[in-house]
Amino acid sequence: MALTAVIEARGLSKVFHTTVRRPGLGGALRSLVSPERVAKAAVQDVNFRVGKGELLALLGPNGAGKSTTIKMLTGILTPTSGEALVAGVVPHRDRERNAHNIGAVFGQRTQLWWDLPARESFAILRDIYGVPEDQYRARIEEFDGLLELSEFWDTRVRHLSLGQRVRCDLAASLLHDPPVVFLDEPTIGMDVVVKEQVRRFLRHQVEERDRTVLLTTHDMTEVARLAERVVLINHGRIVLDGPLEEIRRRFGGTWQIRVTLADPIGTIDPGGAEYETDPAQFPGFEGIAVLRREGARLVFGPDGPDAPTVHEALKAIIGRFQVADLALEENDLEDVMRAAYLGAVPAQATADESDDESAVPTASRGG
Ligand SMILES: Nc1ncnc2c1ncn2[C@@H]1O[C@H](COP(=O)(O)OP(=O)(O)OP(=O)(O)O)[C@@H](O)[C@H]1O
């Protein structure tokens, strides 16, 4: 992780109190007279840090607490307990300073003025944030180059397609050059071409502009393309925080690499012949097993809990053998994440929840 934390969640928690409506007419009347209040712990003791120039994907199933976390980090919601710190500012306490430090895009909503062309919204935002004219022009030009906005930015926002509107929203959120960007499902509902364009744009913002980005998405292609590190949240608690590769390794156990050797006789010298039963003897082959041998064709697979990722295994195999042909089957990231959601258990999700009615159940154990 980068050294300086730009986004920090410290014991962040949010409990929502809602009124339950009892069923039937009698129930409705009773609810009016004596409303039944229930507490819902949407986010519980969440801790993580995001460094400068880092893109972190906050992932989890529906209702896990991702949006609630983002809303606390953007200052929209006040935490029930714990603290959020974004670019040195406590977001809900100092909303104005926070607004200058962050850009935010909620894929399902817009910050643009519905009845105005996007370009006019940009100009209003320029004035609100006091962006100097030369910088404004330079940024608009940069964003247009990357997101191809100019062909539709004179159209009223209400008439833009979803993909066009979100591209305008992205540009609008960065007009004041904020160091931190929050993106809540930015590419939801976009076609693959526009998604890719937005992903290139985001990579550019991180790599070239050193922005810190916190992203939520259910799109695993997006995660694979953009995120090196992911935080998994489930039932309001963090269940995993680490490099994507580590999560693949822990939860994406099944892969197979079928290799046709270019020169089986030459490759399988007396010293190497044993690999058939024990390839782990070779440096870099720990955790890789030969599952089958079909003539010059070998099928490798993971062996044991410390098996390497498919990418590491590929490297080892290509480095060791002369390969004529290679076929690869691996769990896709959707499967890996499904396994992670089911299998990862929050560190302190234990008895401390049992006397708290608002507490959520421990994340289920998948095996
Ligand atoms: N304003 C609210 N009042 C009551 N409960 C809420 C409120 N906002 C969210 N919740 C509840 O808090 C939990 C977390 O919701 P949140 O929107 O943060 O999930 P999410 O991970 O963003 O889900 P999704 O992937 O479906 O967008 C859910 O159970 C949701 O019903």
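Start at 1 and go down the list; that is how both ligands and their atoms are numbered.
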The protein heavy atom nearest to atom 12 (O) of ligand 1 is Ala42 CB, 3.2 Å
Short side-chain to backbone donor-acceptor contact, His176 and Ile102, under 3.5 Å = yes
Give a yes or no on whether the backbone of Ala324 and the side-chain of Thr260 come within a donor-acceptor separation of less than 3.5 Å.
-> no
Which of the listed options, Ala39, Ala41, Ser67, holds the heavy atom that is closest to atom 22 (O) of ligand 1?
-> Ser67
Any heavy atom of Glu185 sitting closer than 4.0 Å to ligand 1?
-> yes
Can you figure out which of His17, Lys14, Lys66 has its heavy atom closest to atom 25 (O) of ligand 1?
-> Lys66
With distance as the sole test, does Gln135 use its side chain to make a donor-acceptor pair with the main-chain N or O of Pro132 at under 3.5 Å?
-> no
If you look at every heavy atom in Phe300 and Ile288, which pair is closest and at what distance?
-> CD2-CG2, 3.7 Å
Look only at the side chain of Thr68 and the backbone of Ala42, and say whether a donor-acceptor pair between them is shorter than 3.5 Å.
-> no
Atom 31 (O) of ligand 1: protein heavy atom closer than 4.0 Å?
-> no
Hey, does Phe201 have a side-chain heavy atom less than 4.5 Å from the side chain of Leu174?
-> yes
Tell me which protein heavy atom sits closest to atom 1 (N) of ligand 1, plus the residue, atom name and distance to 0.1 Å.
-> Phe16 CE2, 3.6 Å
Geometric N/O contact His218 with ligand 1, under 3.5 angstrom = yes
Just which atoms of ligand 1 are under 4.0 Å from any heavy atom in Pro61?
-> 21 (O)
Contact atoms of ligand 1, heavy-atom distance to Lys40 under 4.0 Å | 29 (O)
Which atoms of ligand 1 sit under 4.0 Å from any heavy atom of Asn62?
-> 23 (O), 24 (P), 25 (O), 26 (O)
Between the side chain of Asn47 and the main-chain N/O of Gly11, is any donor-acceptor distance below 3.5 Å?
-> yes
Flag side-chain contact, heavy atom, 4.5 Å: Asp169 against Gln111 = yes
Closest candidate by heavy atom, reference atom 15 (O) of ligand 1, pool Leu59, Ile233, Thr68, Val43 | Thr68
Please check atom 7 (C) of ligand 1 for a protein heavy-atom neighbour under 4.0 Å.
-> yes
Given Gly63, Gly60, Ala64, which one has a non-hydrogen atom that is nearest to atom 23 (O) of ligand 1?
-> Gly63
Side-chain contact, heavy-atom cut-off 4.5 Å: Pro117 with Trp153?
-> no
